[in-house]
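Following: one structure in structure tokens, then a few remarks.
Please read these numbers as outputs of a predicted model, since none were measured by experiment.
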Amino acid sequence: MVSSYPLPDGFSDFDVFSLGSCLLVEGLLGFFLNAVTVAAFLKIRELRTPSNFLVLSLALADMGISANATIAAFSSFLRYWPYGSDGCQTHGFQGFVTALASIHFIAAIAWDRYHQYCTRTKLQWSSAITLAIFIWLFTAFWSAMPLIGWGEYDYEPLRTCCTLDYSKGDSNYASYLIPMAIFNMAIQTFVVMSSYQSIGQKFKKTGNPRLAPILAKTSPTFNVFVYALGNENYSGGIWQFLTGEKSEVPQIENKFK
């Protein structure tokens, strides 16, 4: 039987159990749904396009977030972090690099969709692969900095998982957090908003309003519905992967002519 550990002041057993339950549900559901997205891309030849490669990359990043949440759920049920200081640093790094990568790939998909719908420019495989490699290396750089002293990974208030410590207010904290937020969040938010705003204006001018509102949500579960199942071409491929029945969908190039 697992030993009982005292909780931090201000937290109850119900708080820890609720947190663990939410993390477990989202972690397992998000991992499963994104795994289906990945498997469909690998199995269905028609899905293997440069644009869908970005959706695949987003799914892989979100699978990493889901795995991170599942580990946090397990330690929440234990009521303590069982993996030690090194495990805390590894958990913090893994969670942060996949979270940042997810944000970047959301922006990359928005940028690609802007060019598809507004400039009629197709993404090439060389560009898609180069962009994906750059995103992983760029996010790995910013996520590795707290491991060597610029920023810091530490326990969250319940001490059942680890993440970037946002509570520090010293110069080291500010010098890391401000540029990190600009290059990994602010720019991506601008790209997403401006891209979809341009798409909306394009269809408004042409009298074709058939573009569903898309929000840049970082939750792995929401991302599956927004970027995979919300894409007629990709959802058709997933349906074919799960049932073996091919679903005919209009191609992007002809849909809005």
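In this structure, W136 and F105 have side chains that are in contact, with non-hydrogen atoms separated by less than 4.5 Å. In this structure, the side chains of S143 and Y153 come closer than 4.5 Å at one or more pairs of heavy atoms. Between R79 and T160 there is no side-chain heavy-atom pair separated by less than 4.5 Å. Taking 4.5 Å as the limit, every side-chain heavy atom of Y117 sits out of range of all side-chain heavy atoms of S198. Using a 4.5 Å heavy-atom cutoff, the side chains of T37 and L56 are not in contact. Contact of the I103 side chain with the N184 side chain is not registered, since no non-hydrogen atoms from C-beta on lie closer than 4.5 Å. Taking the side chain as every heavy atom from C-beta outward, P50 and Q124 never approach each other to under 4.5 Å. Looking only at side-chain heavy atoms (C-beta outward), M180 and L164 come within less than 4.5 Å of each other.
Transitive grouping of hydrophobic side chains (ILVMFWY, heavy atoms separated by less than 4.5 Å) brings W142 and I187 into a common cluster. Hydrophobic clustering of Ile, Leu, Val, Met, Phe, Trp and Tyr side chains at less than 4.5 Å, counting indirect connections, keeps F190 apart from I106. A chain of hydrophobic side-chain contacts below 4.5 Å, direct or via other Ile, Leu, Val, Met, Phe, Trp or Tyr residues, connects F96 to F141. Under the 4.5 Å side-chain heavy-atom criterion for ILVMFWY residues, a single connected hydrophobic cluster contains both L147 and M145.
Interatomic distance, F77 CZ to L23 CG, rounded to the nearest 0.5 Å: 8.5 Å. For the atom pair OG of S171 and OH of Y176, the computed distance is 15.5 Å after rounding to the nearest 0.5 Å. Between T70 atom OG1 and L24 atom CG the span is 6.5 Å, to the nearest 0.5 Å. Rounding to the nearest 0.5 Å gives a distance of 14.0 Å between CZ of F93 and SG of C88. The CD atom of E152 lies 11.5 Å from the OH atom of Y173; values are rounded to the nearest 0.5 Å. Atom CZ of F41 and atom CZ of F53 lie 6.5 Å apart (nearest 0.5 Å).
Under the 30°/60° scheme for interplanar angles, the aromatic rings of F138 and F183 are found to stand perpendicular.
N34 places no side-chain N or O within donor-acceptor distance of the main-chain N or O of M63, the cut-off being under 3.5 Å. S127 places no side-chain N or O within donor-acceptor distance of the main-chain N or O of L123, the cut-off being under 3.5 Å. Y114 contributes no side-chain N or O that, together with a main-chain N or O of Q197, makes up a donor-acceptor pair within less than 3.5 Å.
Across all non-hydrogen atoms, the minimal contact from P179 to A174 is CD-O, 4.0 Å. Closest approach of S57 to A132, counting heavy atoms only: OG-CB, 4.1 Å. When all heavy atoms are compared, the tightest approach of A61 to T98 is O-CB, 3.5 Å. Heavy atoms only, all atoms of each residue included: S75 and W81 are closest at OG-CE3, 3.8 Å. The minimum heavy-atom distance linking G151 with N172 is given by the pair N-ND2, 3.4 Å. When all heavy atoms of L47 and A40 are compared, the pair lying nearest together is CD1-O, 3.7 Å.
Checked against a 6.0 Å centroid threshold, the rings of Y83 and H91 do not count as neighbours.
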- [ ] Could you check R48 against N52 for side chain to side chain contact (heavy atoms under 4.5 Å, CB included), going step by step and ending with a plain yes or no?
- [x] CA-CA 6 Å; R48 295 197 287 270; N52 284 339; over 6 Å; no
- [ ] Apply the test side chain to side chain contact (heavy atoms under 4.5 Å, CB included) to residues D154 and C162: give CA-CA distance (whole Å), side-chain angles for both, the deciding distance (0.1 Å), then the verdict.
- [x] CA-CA 5 Å; D154 203 352; C162 298; over 6 Å; no
Task: Trace of the side chain to side chain contact (heavy atoms under 4.5 Å, CB included) decision for S66 with L28 - done: CA-CA 7 Å; S66 299; L28 294 179; over 6 Å; no
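Residue-environment remark: CG (D86) stays at or below the threshold of 12 foreign heavy atoms within 6.0 Å. Counting heavy atoms of neighbouring residues, nucleotides and ligands inside a 6.0 Å radius, atom CZ of F32 does not exceed 12 of them.
Side-chain contact of Q116 with D112: a donor-acceptor pair under 3.5 Å is present, judged by distance alone.
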